[in-house]
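Step one of this worksheet: look at the structure below.
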Amino acid sequence: MISTATRAAGITVVLVATVVTAFLEMQLSALRVGAVGSLLAGDSPYEGSGFPLPLAVPLAVGANLALAWFALTTVGRWAVALPWALWTLIMLAASGVRTDGGDYLVGGANWVFLVTMMAGSLTFAMFSYRLILKPPPVPAATDSGLSGTL
């Protein structure tokens, strides 16, 4: 049985990790091939030109699998919904929020971000689907400690 303190700590860690990975994936979705040259020149890596680097997609799949597994093992089956909902809300908010200048935080032309949103959410969905198919573990029968045989 998982203690209440372990569950509370697990929920806290998984929610903080979800926010960190979601923002990291958003930042990586804007990365381009020419960013390496920009970095070497001392400029911002987001000013590079060239083909977009889809590094955010495998990161989203791997991080979301890890988040779902961590939530499952530290809190329980129902807790997989927490990082899934938070991650999806952050991604949806980022795609629809305008900056003070009127620009979108993440534009609709950024195909890496769109694929990251799809792959990340599908990762949580497939993990949850596999949990639904797998029955919950049955607790092992324990001896009552009374003398005699049954």
Side-chain angles (χ1 to χ4, degrees), residues 1-140:
M1 190 70 185
I2 301 173
S3 71
T4 305
T6 304
R7 286 179 191 239
I11 289 171
T12 303
V13 168
V14 80
L15 292 179
V16 169
T18 300
V19 171
V20 169
T21 59
F23 281 105
L24 179 64
E25 291 155 12
M26 271 190 283
Q27 291 296 317
L28 285 178
S29 71
L31 214 55
R32 296 193 167 269
V33 172
V36 176
S38 295
L39 271 176
L40 294 177
D43 296 330
S44 170
Y46 304 108
E47 294 177 6
S49 61
F51 191 77
L53 287 173
L55 295 175
V57 177
L59 177 67
V61 171
N64 291 353
L65 276 174
L67 289 168
W69 172 83
F70 185 78
L72 173 69
T73 56
T74 58
V75 183
R77 290 170 66 102
W78 61 269
V80 175
L82 295 174
W84 186 2
L86 181 60
W87 187 88
T88 304
L89 287 173
I90 290 171
M91 292 298 176
L92 288 175
S95 64
V97 171
R98 288 183 180 254
T99 63
D100 291 336
D103 298 328
Y104 281 108
L105 188 59
V106 179
N110 186 349
W111 66 267
V112 176
F113 182 75
L114 297 175
V115 172
T116 301
M117 274 182 41
M118 183 186 68
S121 191
L122 283 175
T123 301
F124 280 122
M126 290 189 318
F127 190 91
S128 299
Y129 181 69
R130 288 185 53 108
L131 272 180
I132 291 169
L133 292 179
K134 181 180 171 185
V138 178

For a quick test of reading the model, state the closest non-hydrogen atom pair linking [X] to [Y] and the distance between them.
| X | Y | answer |
| --- | --- | --- |
| Ala56 | Thr116 | CB-OG1, 3.5 Å |
| Gly10 | Phe70 | O-CE2, 3.7 Å |
| Trp87 | Ala22 | CD1-CB, 3.7 Å |
| Val75 | Arg7 | O-NH1, 3.2 Å |

With sequence neighbours left out, what residues match [X] under side-chain contact (heavy atoms from CB on, under 4.5 Å)?
| X | result |
| --- | --- |
| Ala94 | Met26, Leu105, Val106, Phe113 |
| Tyr129 | Leu133 |
| Leu131 | Leu72, Arg77, Val80, Phe127 |
| Leu86 | Leu15, Thr18, Val19, Ile90 |

- So does Trp111 have more than 12 non-hydrogen atoms from other groups sitting under 6.0 Å from CH2? yes
- Value for CG (Leu114) from OG (Ser29), rounded to nearest 0.5 Å, stands at 9.0 Å
- Message: For Val14 and Thr74: C-alpha separation, side-chain torsions, deciding distance, then whether side-chain contact (heavy atoms from CB on, under 4.5 Å) applies.
- Response: CA-CA 9 Å; Val14 80; Thr74 58; 6.0 Å; no
Please report, to 0.1 Å, the donor-acceptor pairs under 3.5 Å made by any side chain of residues 57-68, with sequence neighbours excluded.
| unit_1 | atom_1 | unit_2 | atom_2 | d |
| --- | --- | --- | --- | --- |
| Asn64 | ND2 | Ala60 | O | 3.3 |
| Asn64 | ND2 | Gly120 | O | 3.1 |

- Message: Under a 3.5 Å distance rule, please check whether Thr88 uses its side chain to pair with a backbone N or O of Ala85 as donor and acceptor.
- Response: no
- Query: What pairs with Thr6 under side-chain hydrogen bond (donor to acceptor under 3.5 Å, both in side chains), at least two apart in sequence or on another chain?
  - Reply: Ser3
- Could you list the residues that satisfy side-chain hydrogen bond (donor to acceptor under 3.5 Å, both in side chains) with Ser121, not counting sequence neighbours? Trp84
